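In this text, all values refer to a predicted model and were calculated from it rather than measured experimentally. Numbers here simply count residues along the sequence, with the first being 1.
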Amino acid sequence: MRKLTYLIGATIDGYIAAPDGDFDFFTPFVTEDYAPALFAQYPETLPTPARAAVGIAEAPNKRFDTVLMGRGTYDPGLAAGLTSPYGHLRQIVFSRTLDPALDPEVEITSEDPLAVVRRLKQEEDGLGIWLCGGADLAGQLLPEIDELIIKQYPVVAGEGIPLFRAGFEPRAFTLTDSRTFQRGNVVLTYERAAS
């Protein structure tokens with residue numbers, strides 16, 4: 001069965017972006033040892049234009065072949081005229097208002113995200129499924145998230161968009177890996193704990 005992974009950057013206090021959606025405050029923490037390590041391990045998580053800019057345009061997808069995005073995650077690229085931000089992946093955007101025919105390389109759906117993910121997990125072939133964001137979609141998909149990879153930056157935001165927007169329902173995860181980088185960034189990997 002395919003696995004759903006929520007791989008996302010966050011502050012120490014659990015915010016993935018400022019209240020207005022901006023996440024440029026993470027940039028000072030992208031150091032010489034950090035970015036290349038992430039590019040090598042997860043090359044498919046860079047938008048297609050960024051892959052070309054850093055010289056990994058032809059890098060094979062290692063972990064994921066499908067990316068899931070909520071409307072808020074998709075919108076910044078769309079505002080810049082980028083309708084297919086991850087052209088090297090199967091792209092699924094959850095939205096009730098976007099035109100499903102916006103770009104033939106992007107599947108825009110208003111279907112229940114849980115139903116879509118459960119169907120994707122049943123596919124026999126393929127790599128993992130990457131949940132790119134955002135908080136609302138992550139909250140809806142929490143019951144199906146198998147793995148969390150949190151790129152934790154050494155900054156406290158105090159307020160912003162949280163990792164998850166969901167009701168109180170504690171779910172246990174087990175830390176399976178951690179990597180620390182020179183500026184204090186930590187990449188934490190968690191697997192859903194056995195019930």
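In this structure R179 satisfies the salt bridge (charged side-chain N to carboxylate O under 4.0 Å, His left out) test with no other residue, sequence neighbours excluded. Evaluation of the side chain to side chain donor-acceptor pair (under 3.5 Å) rule for T189 yields no partner, not counting sequence neighbours. Considering only residues two or more places apart in sequence or on other chains, I92 meets the side-chain contact (heavy atoms from CB on, under 4.5 Å) condition with T66, L68, R90, F94, E107, T109, V116, L120. Applying the side-chain contact (heavy atoms from CB on, under 4.5 Å) test to A115 and every residue at least two apart in sequence or in another chain returns E111, D112. The side-chain contact (heavy atoms from CB on, under 4.5 Å) test applied to T97 returns R71, S95, not counting sequence neighbours. With sequence neighbours excluded, the residues satisfying side-chain contact (heavy atoms from CB on, under 4.5 Å) with A18 are D20, D22, F25. Qualifying salt bridge (charged side-chain N to carboxylate O under 4.0 Å, His left out) partners for R183, counting only residues two or more places apart in sequence or in other chains: none.
I129 is not listed as a side-chain neighbour of E123, based on a closest heavy-atom distance of 4.5 Å or more. Taking 4.5 Å as the limit, every side-chain heavy atom of D99 sits out of range of all side-chain heavy atoms of I108.
Minimum interatomic distance between E169 and R171 (heavy atoms only, all atoms of both residues): OE2-NH2, 3.1 Å. Closest approach of L114 to E144, counting heavy atoms only: CD2-CG, 3.7 Å.
Y6 places no side-chain N or O within donor-acceptor distance of the main-chain N or O of F164, the cut-off being under 3.5 Å. Looking only at distances, a side-chain donor or acceptor of Y74 sits under 3.5 Å from a matching main-chain atom of T83.
For the salt bridge (Lys or Arg N to Asp or Glu O under 4.0 Å) condition, the pairs that include at least one residue of residues 125-142, sequence neighbours left out, are D136-R165. Each side-chain hydrogen bond (donor to acceptor under 3.5 Å, both in side chains) pair with one or both residues in residues 151-164, not counting sequence neighbours, appears once here: Y34-Y153. For residues 32-60, no residue pair satisfies the salt bridge (Lys or Arg N to Asp or Glu O under 4.0 Å) rule, not counting sequence neighbours.
Side-chain heavy-atom separations under 4.5 angstrom define the hydrophobic clusters, and the remaining members of the one that includes V156 are I12. I56 belongs to a hydrophobic cluster whose other members, connected by ILVMFWY side-chain contacts under 4.5 Å either directly or through intermediates, are F39, L46, V54.
You'll find the ring centres of W130 and Y86 inside the 6.0 Å limit.
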